[in-house]
Trainee: 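Structure in structure tokens, see below.
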Protein chains: 2
Amino acid sequence: MTETKARRRAGRPRVFDTDAALDKAVRLFWQRGYEATSMADLVAETGVAAASLYAAFDNKAGLFAAVIERYAATFSVHLYAPINDPALSTYEAVKGLLERAASSFSEPGTPAGCFMYSAAAAVSPASAAIECLLRDKRIAAEALLIERLQRGAAQGELAANSDPAVLGKFINTVMEGMSVQARDGATINELLSIAKMALDRWPAAI
Amino acid sequence: MTETKARRRAGRPRVFDTDAALDKAVRLFWQRGYEATSMADLVAETGVAAASLYAAFDNKAGLFAAVIERYAATFSVHLYAPINDPALSTYEAVKGLLERAASSFSEPGTPAGCFMYSAAAAVSPASAAIECLLRDKRIAAEALLIERLQRGAAQGELAANSDPAVLGKFINTVMEGMSVQARDGATINELLSIAKMALDRWPAAI
DNA sequence: CACGATATGGAACGATCGATAAATAATATC
DNA sequence: GATATTATTTATCGATCGTTCCATATCGTG
């Protein structure tokens, strides 16, 4: 696509910045959820006319799909950076993940909690497809975490009787709960205390 | 009110069973969330005409408020029964709570997860009042759990350096995460594994 | 420079939303 | 038996929904 980028296509150039519009849409969907966010809300928040949004994203669900990818490319990359850092031990990686979760989920400038867990927690049957998109992202993130734990186990960093799949699911469950807690107003310190208690159950190798 | 029950009021008697209607409404809101559940859906599911629902509950939010109370009086009472059981030790009470959560959240005949955590995870500003109702319920449930842990601590059932508030918040966070996991398809065994990990390293008094 | 391709924005579309009106019905009360 | 009260049912309301239409604009290409 760098070829098409260098040689602009025919037709009227898009005026609005799609990434900037997506960033604003991320916040709105994160805050209110897919079903409670109307196209009128999105128009007001992004400053882009409805027809222009439709030209770029096809429909509301298409916009939401792009929003998911935008969140994954920004917030999730930051959140999971410790998991993808080979310089960290397995324990340090998970500790970093939970600490970033505590910080990110309670950050003042963004909606509380995690977009992936709350933006489409419950939807109508007509929106099942977008709910599946989010669920697939959550399942992929959990699989990534479990893979990291499995590599740690293979390197002797976990207790021999420890099951990385169970541990990974447990850590992920705690993170999901931290998101709910954050949306209910939990402070970063409360979230860090929860993270610490989860890490207190770490199956260290002896 | 037994007096008004014995001597029926003037006026046309209500035909539909409000508890039965509420039970059906509980399931629909639990499955789809407040925002994605329309009055037309509720009419179809309960078999009660819209005007009759309005006569009984005033408006959609009023119906939802009644649904919250119905859920609290049925599912929540069952879920928290171990916490209210004086015959159980503090550890046994929490263990029972988490086991019931694992079972209830993944029960085949009802929507997955917990109504309290998913029915209004994200709403529009116009629905802020009902979101607050649910949040207040969650906060009250967490306070109940913490009180139980505090009584256990006072009775010497927790380690001296253990903070019942932090432990209670941790247990509650795990339960909230289990609800998200259940909605993503986690089995009762997976949920029980998570519960078991949460109970590991229980701060027992020595 | 004309043409084709694509974007923009305001207006408007059909469908659905939550809620109410009006006629009728079913009770208790006097 | 008339009256008052409350519920039911069907139709309808104004508002909002997601989406498209249409006139216009802005580019690249031959």
Side-chain angles (χ1 to χ4, degrees), chain A residues 1 3-22 25 28-29 32-67 120 123-131, chain B residues 1 3-22 25 28-29 32-67 120 123-131:
Chain A
M1 274 49 168
E3 182 191 346
T4 56
K5 196 180 166 197
R7 187 160 51 93
R8 204 146 97 220
R9 315 151 65 193
R12 184 171 174 173
R14 182 151 287 148
V15 161
F16 73 93
D17 182 344
T18 50
D19 281 349
L22 284 175
L28 212 52
F29 279 124
R32 300 181 184 187
Y34 179 80
E35 297 284 6
T37 304
S38 68
M39 290 306 298
D41 292 333
L42 291 159
V43 164
E45 185 74 11
T46 62
V48 179
S52 300
L53 288 175
Y54 281 96
F57 303 107
D58 283 334
N59 52 31
K60 188 184 178 187
L63 169 60
F64 190 71
V67 152
V123 298
S124 71
S127 308
I130 59 94
E131 186 191 16
Chain B
M1 274 58 168
E3 183 191 345
T4 55
K5 194 179 165 196
R7 188 159 51 89
R8 208 144 95 217
R9 311 150 70 191
R12 183 172 172 171
R14 183 150 287 145
V15 162
F16 72 94
D17 182 344
T18 51
D19 281 349
L22 285 175
L28 211 52
F29 280 124
R32 300 181 184 185
Y34 179 80
E35 296 284 6
T37 303
S38 67
M39 289 306 297
D41 293 332
L42 291 158
V43 164
E45 185 73 11
T46 62
V48 179
S52 300
L53 288 175
Y54 280 99
F57 304 106
D58 281 336
N59 51 33
K60 187 183 178 188
L63 170 60
F64 191 71
V67 152
V123 296
S124 71
S127 310
I130 60 96
E131 187 192 16

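Proteins come first, then strands; the chains are lettered A, B, ... in the order of their sequence lines, and each starts at number 1.
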Trainee: Let's test your reading of the model: under 3.5 Å, does the base of C:dA26 pair with the side chain of B:Arg12 as donor and acceptor?
Mentor: no
Trainee: Which pair of heavy atoms, one from A:Asp41 and one from A:Ala36, lies closest together, and at what distance?
Mentor: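 Taking A:Asp41 first and A:Ala36 second, the nearest heavy atoms are OD2-O, 3.8 Å.
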Trainee: Find the distance B:Phe57:CZ to D:dA7:P and express it as a whole number of Å.
Mentor: 11 Å
Trainee: Which nucleotide in the list C:dG18, D:dT10, D:dT8 gets nearest to the side chain of B:Tyr54?
Mentor: C:dG18
Trainee: Separation of A:Tyr34 atom OH from D:dC17 atom P, in whole Å?
Mentor: 13 Å
Trainee: In the structure I gave you, are the side-chain heavy atoms of A:Leu22 and A:Asp17 within less than 4.5 Å of one another anywhere?
Mentor: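 No, too far: nothing below the 4.5 Å cut-off.
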Trainee: For A:Asp58 and for B:Ala56, find the nucleotide of DNA chain D with the closest heavy atom, then tell me which residue's nucleotide is more 5'.
Mentor: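 The answer here is B:Ala56.
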Trainee: Rounded to the nearest 0.5 Å, how far does CZ of A:Arg32 lie from CD of B:Glu131?
Mentor: 11.5 Å
Trainee: OP1 or OP2 of D:dT16 less than 4.0 angstrom from a side-chain nitrogen or oxygen of A:Ser38, does that happen here?
Mentor: no
Trainee: Taking for each residue the nucleotide of DNA chain C bearing the nearest heavy atom, is the 5' side occupied by B:Lys60 or by B:Pro13?
Mentor: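 Looking at the nearest nucleotide for each, B:Lys60 comes out on the 5' side.
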Trainee: For A:Arg32 and D:dT16, what is the distance between atoms CZ and P respectively, to the nearest whole Å?
Mentor: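 It is 14 Å, rounded to the nearest whole Å.
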Trainee: Nearest to the side chain of A:Ala50, heavy atoms from C-beta on, is which of D:dT19, D:dT10, C:dA19?
Mentor: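 The answer is D:dT19.
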Trainee: Identify which nucleotide among D:dT8, D:dG18, D:dC21 has an atom closest to any side-chain atom of B:Val15, counting heavy atoms from C-beta outward.
Mentor: D:dT8
Trainee: Report the distance from atom CZ of A:Arg14 to atom P of C:dG9, rounded to the nearest whole Å.
Mentor: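 It is 12 Å, rounded to the nearest whole Å.
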Trainee: Could you state the interatomic distance from CE (A:Met39) to OG1 (A:Thr46), rounded to the nearest 0.5 Å?
Mentor: 8.0 Å
Trainee: For the pair made of CG in B:Leu53 and P in D:dT8, what is the distance, rounded to whole Å?
Mentor: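 So the two atoms are 9 Å apart, to the nearest Å.
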Trainee: Which is true for A:Ala40 with a 4.0 Å heavy-atom rule: it touches a base, it touches only sugar-phosphate, or it touches nothing?
Mentor: sugar-phosphate
Trainee: Base, sugar-phosphate or nothing for B:Thr37? Non-hydrogen atoms, less than 4.0 Å.
Mentor: sugar-phosphate
Trainee: Which nucleotide in the list C:dG10, D:dT19, D:dT8 gets nearest to the side chain of B:Ser52?
Mentor: D:dT8
Trainee: Taking the side chain of B:Ala10 as heavy atoms from C-beta outward, which of C:dA28, C:dT20, C:dA7 is closest to it?
Mentor: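 Nearest to the side chain of B:Ala10 among the choices is C:dA28.
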Trainee: Atom CG of A:Leu42 to atom C1' of D:dT19: distance rounded to whole Å?
Mentor: 14 Å
Trainee: Taking atom P of C:dA25 as reference, at what distance in whole Å does atom CZ of B:Phe16 sit?
Mentor: 20 Å
Trainee: If you look at every heavy atom in A:Ser127 and A:Tyr34, which pair is closest and at what distance?
Mentor: OG-CE2, 3.6 Å
Trainee: Could you tell me the separation between the CD atom of A:Glu35 and the P atom of D:dG18, rounded to a whole number of Å?
Mentor: 9 Å
